[in-house]
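All remarks here apply to the structure that follows.
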Amino acid sequence: MSDAQESRAILKDMLRRMLSNRQGEGDMMARWRQLRDELGLLAAPLPEARGGLGGGFADSALIAEELGCWLMPVPFVATSVIAIGLFDALSREDLSDQVVSGDILPVPALMEDGRVMRVRPTATMLREEDGVLRLRGRKELVEDVDMASHLLVPACADRSGEPLLLLLPAALPGMGWSRYRLLDGREAATVVFDDITIAPDAVIGRGEADWQRFEAVLDRAMVATCAEALGLMRAMLGQTVDYVKQRRQFGKTIASFQVVQHRLADMLIEVEQAASVTAMAVQALPDPIAASTAKARTSQALRFVAQNAVQLHGGIGTTEELALSRYFKRAMLLETQYGSAEQHLARVERLREVERSLIG
Amino acid sequence: MSDAQESRAILKDMLRRMLSNRQGEGDMMARWRQLRDELGLLAAPLPEARGGLGGGFADSALIAEELGCWLMPVPFVATSVIAIGLFDALSREDLSDQVVSGDILPVPALMEDGRVMRVRPTATMLREEDGVLRLRGRKELVEDVDMASHLLVPACADRSGEPLLLLLPAALPGMGWSRYRLLDGREAATVVFDDITIAPDAVIGRGEADWQRFEAVLDRAMVATCAEALGLMRAMLGQTVDYVKQRRQFGKTIASFQVVQHRLADMLIEVEQAASVTAMAVQALPDPIAASTAKARTSQALRFVAQNAVQLHGGIGTTEELALSRYFKRAMLLETQYGSAEQHLARVERLREVERSLIG
Amino acid sequence: MSVTERLGLVDMDGFREDVRAFLSTSLTAEMREAADRQAGIYADPDLARDWHLTLYQKGWITPSWPVAYGGTGWTAAQRLTFEVECAAANAPVLPAMGLQMCGPVLIGHGTDEQKARFLPRIRSAEDYWCQGYSEPGAGSDLASLRCRAVRDGDDYVVNGTKIWTTHAQFANWVFLLVRTSSEGPQQAGITFLLAPMDSPGLTVTPIISMSGEHEVNQLFFDNVRVPVALRVGAENNGWEVAKYLLQFERGGAAAGGRPLRLLRSISALMQDAAGEPEHVVHSPQFRRRLTLLEIELSATMWTQRRALSAVASGDPMGVTASSILKLKATEMTQMASELALEALGPFASVDQSVAAVGPVAGRSVAARYLNMRAVSIFGGSSEVQRTILGKELLRR
Amino acid sequence: MSVTERLGLVDMDGFREDVRAFLSTSLTAEMREAADRQAGIYADPDLARDWHLTLYQKGWITPSWPVAYGGTGWTAAQRLTFEVECAAANAPVLPAMGLQMCGPVLIGHGTDEQKARFLPRIRSAEDYWCQGYSEPGAGSDLASLRCRAVRDGDDYVVNGTKIWTTHAQFANWVFLLVRTSSEGPQQAGITFLLAPMDSPGLTVTPIISMSGEHEVNQLFFDNVRVPVALRVGAENNGWEVAKYLLQFERGGAAAGGRPLRLLRSISALMQDAAGEPEHVVHSPQFRRRLTLLEIELSATMWTQRRALSAVASGDPMGVTASSILKLKATEMTQMASELALEALGPFASVDQSVAAVGPVAGRSVAARYLNMRAVSIFGGSSEVQRTILGKELLRR
């Protein structure tokens, strides 16, 4: 085993030990602190020179998969992949270090209308007047707002129309919050910026090149989400296999029914194909087609596996009592997180057309 | 039982008796003559006043289904539904009577490029010069050319661009024929009209209203094709049920395997849903949306049933030896006959848009 | 011509117009809106009761019952048309346990006393029924049920448990299957009983579904005494009664009802997104999936119509047709609930029971998607239906 | 970045370019065109031989064999890249019976004499192998085979029949499974033999497939004598040898090879229809189905790559991976053959064996669609593969 392989194996083992006996209980912030501070989850994927294991994004994917497997919806992708990814890309390692140390916890505020996948903001406007920056706009479905110290807000410069990336303290005066709960139990909010004043150093990115960097970071977030989905699927398949082995109907375990065996086979195939496109996308980064291919295919697999896990559990599978129901609802979220299958299939087709026209 | 029901039952019974013991053998023209002359197949759907049973199109569908069931690809739709249907619609009962009596056997020549479903002809041009009519163009995949006495040719008037319907003797001088065989063993041809002279009375329809009549006739042909497909499906399902009951593997009949039972169930569902859309379309005529719905859904069912009939037969199902292979190839033809599932789904969507815009 | 019109292509002498006129005046805007907010399998009791009584007063509460017991005498096409129009108008979904399950069973197998006592009260909504079939160890394998009834004088003494009992918390009566003999094949020792929910020894424990709602329950029977007069059919003949009922349950209501209701909310979400050309509902792929669903809906309604035309009024449907319709209803319902989820997009992640967020038309979308997972499990799972169909085909 | 490029994202030191350079010079236009006309599972012998010898001379005929026996020593990624590039360039499909079936079996289970005698002749195309596995009563249930071999001195005497023997009419050798014992479980009495096709008493009867082609045969063994020296592995140990081979058969070749070749013909038909905007190939739905197929192709290639990376070179693949790959290859092949059929449209109805009609790119489309029905049946049916996978999961 190489050094890198060895440290990955150790990381995986530590994660499993920490997650396995505390599944789904307790306060998420406390859990997050433990993962961050005791395990060093945020440092892990960083280069060795910065205290990480040097495994890079492959380690992020490994961590995301384990978090999925143990149903631990902590803001790992938001911080490790998006915040640190963006700060590093903008050469703001100072900000990344603050995320790693836990001094700040930025969450992205991406959606303007709650539907379109990743258009540039047009309704979140930053206006400069006599050296004072004022922000107006509205972001939907900002997640983990109970844990966030900052928001990472894409906006639009009011005159030039150029894209901006803002890092705003979550407690800024004038922000309007309406909070609600998500199906996986986390807190989210709609945030309204009603002509609020922001500090000049809140603008951490500006212009086309920075926007491209942000897009690339979102592609990585998408692939990390695929890895988390993979963890969920492996867990749901495992739970289903265990269940059908013990559930008896018609005088035998339902595992002995051929259609049950074939359904399990189809679930396994979906899990493996999802694992494959995810592996491909990890390897292919920053290729956006591979990333969207992975998200599209994994979202399809996720729906199939989640639905059939419930189906094979029968009545009990539809109850809140079973952990499976929490996996199912988390799966619903991840299916659309950073874009649905349909949206990514369309993106693949669009990007391919561009590719072809560039070649042809 | 009403009189109509009773005569339908008799018709069905006679058909079954004539078809059942002669499946797939012998010369198609002889078979066709027998069905036409001994059974009065072409007269049957006509009104009682014209010697028919008065069952109308429902009887045509019944006949088509039986022909499908016994794999008898005689030119019933071409003559009874298309030729007689069009002649009647154009008030040319004189021509219809000639079809019924067997004096003429017209087959439609619809395709200009072999692909698009039913566009008006643009490349088959009729030119009038000093009172002489001259035709230029090319029709692909004209079926049953070995049996046909006439071709029914949609064309386009060279100056006005208005649509025309021509009835041409098949043996007209100057027609270029390249003949080939279809997968179901019938003969077809590409016919080239190289500036041939045609008689003025060959033009049997002209203008928008006549073209609409022809379109409506094609919709009926489509629904009759659904009925024939339904017959094929019932036969393939029946053959498969018989086979799985006797084929043994792993020490028992394959019928006892749950996945085989479930596959049969899915086949049955497809057959029944196809029967339902076909019944709907028969009842709904001349509604084009119902007709296209039927063809789309039936084509999907046909592919599913044919493929799974072969699959459940295993190796023997892939051989020419088995009658199933002839059903399978006939099914391939019927799937695209008068438009494929994809073409009809698109047509349904187009017509619905029109419907909505008319309402809204 | 809409889907619903294409269903009723036969001339029905203005029947459809009569139904529409009735719905436009009697189904209030409040009821329609309340129905939109319902995410469960059936409407909540208050809403259901309002609509039930409206239909009762009109004389249309039990169209599928024989005329002698309060049926309307409609043809199969008329009954389907009525149900489809109700669904298309977004009428509340009435609980089936009394109207479509217990009622038909009593008509087919009840004594005259039982009919006289219970049928009018089902029609008038005075009684609210629930169904005691499944047990923790007897789901798809219903015949293996173990809830036991022992004859003691003029009573049966019932001990055991029933599970997945929809709306037991609202019901005052339960019809149930109990084991009265363990001799011979499992099916041969089952008896069909009726019991008041306030019977001493009968307790109800809620089961919370994954959408967070309380729709189903577990019942516990601890020496519950049920008078023999409340037995339907002969002792040990309950399986025949149950089979009759299952076929009603599967084939009785319009298979297209639920999908049609869901299609309505998809339409609303599409209208809501009219101004956003990039929205997924405008993609040709979404459109195509809707088209396929609508086509399946037409096909299924005609399958139902063909089956209904083949049976005499009041009889249950043949086993083939009832299984096909159950499967198709299930498949279309789940497909429609997925399309609705996709049409709503990310807002489907919000737990709307805590706060209302996003488009109004999307409020019940996620909960419905969750609740509709159960339709392929309850009332004979999809796997059981396919086995029934396969075996039936092999019997031919 | 094309599908094939996305497969090989790892830097391979110009390997891909080397392969392409070789293909562009060695795979002649004539070969490519001839390959386009092939509708069968494998290329016809003459074409296959040309390409086989070209690869042989280059030293690339057996990349998956251990280097000691003539393998190339390539990594899993390189082997896949090679196969994918061959498929994308439309190289003829070489018969698998020698190169991917008999060869690996001999390497794994053959004696030194057998290896020395047969392996070089497989590589040099001097021998043409066929496979004697299935029997009329033993298809999916291979272990129930009854073709019998009785020891008589230094020979086995074989009696019985084998069916679905691909290209038996071209082969000079057959490897086959025979029953040498009827004691114990069925699997325990099977032996693996090699036999010359010109053995006295061995006759070949053609079976015509529904596409009208002669690809498969039935073999009849009438007291055929096979020397014991031609037994592979121990007597009664043939099932182990066969299982080893089946995993090669299912997992050995690039699962994406056949679908890629079919995608090529779909592309050609699409180009052909470029001037017809109404053609079905331009619809968003057709495009989407192609996209889904291409995505499945990427996923499957990475599944194969992950599986190959996990096993040492020359070993067969694990049972899970080999079944997944067989299923996916089957599904994609059949899907691609359907898309090709739809892209061609009505001309697919023509029997092209009698006369060539319609677009050149469509000439083998219908025959391929017909022939590809068999891929879900032979080599372990899709049903058998799913059972293997399900049982394997339950064993974990």
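A quick note: this is a predicted structure, and the numbers were derived from the prediction, not measured. In the text below, chain A, chain B and the rest are named by the order of the sequence lines, each starting its count at 1. Keep in mind that the numbers below use all heavy atoms, side chains included, and drop hydrogens, waters and symmetry copies.
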| field | Which of B:E321, B:R303, B:M332 touches chain D most, by non-hydrogen pairs under 4.5 Å | value |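 The answer is B:R303.
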| Which one of B:R247, B:H313, B:E143, B:Q337 has the most heavy-atom pairs closer than 4.5 Å to chain D? |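 The answer is B:R247.
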Part of [X] lying under 4.5 Å from any heavy atom of chain B:
X	answer
D:V280	side chain
D:A356	neither
D:S140	both
D:A138	backbone
D:Y369	side chain
D:L341	side chain
D:E342	side chain

Portion of [X] that has a non-hydrogen atom of chain D nearer than 4.5 angstrom:
X	answer
B:E342	side chain
B:R263	side chain
B:S325	both
B:F328	side chain

| Parallel, tilted or perpendicular: rings of D:H167 and D:F170 (30°, 60°) |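 Perpendicular, since the angle between the ring planes exceeds 60°.
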With a 3.5 Å cut-off and no angle check, do the side chains of [X] and [Y] form a donor-acceptor pair?
X	Y	result
B:T190	B:Y180	yes
D:Q352	D:S364	no
B:Q311	D:S376	yes
D:E338	B:Q307	yes
D:E215	D:N371	no

Quick one: of [options], who has the most non-hydrogen atom pairs under 4.5 Å with chain B?
options	value
D:I207, D:L370, D:V216, D:I163	D:L370
D:A355, D:G137, D:G358	D:G137
D:T387, D:V357, D:V354	D:V357

| query | Does NZ or CZ of B:K252 come closer than 6.0 Å to the centre of the six-membered ring of B:F257, within 45° of the ring's axis? | reply |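 Geometry flag: set, cation within 6.0 Å and 45°.
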| message | For the backbone of B:T336 and the side chain of B:S340, can you confirm whether one donor and one acceptor N or O come within less than 3.5 Å of each other? | response |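 Looks like no, no N/O pair under 3.5 Å.
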| task | For the pair D:R179 (side chain) and D:Q186 (backbone), establish whether a donor and an acceptor sit closer than 3.5 Å, ignoring hydrogens and angles. | result |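 Yes, D:R179 side chain to D:Q186 backbone: donor-acceptor pair under 3.5 Å.
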| query | Which atom pair, heavy atoms only, marks the closest approach of B:T240 to B:A309? | reply |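 That would be OG1-CB, 3.4 Å.
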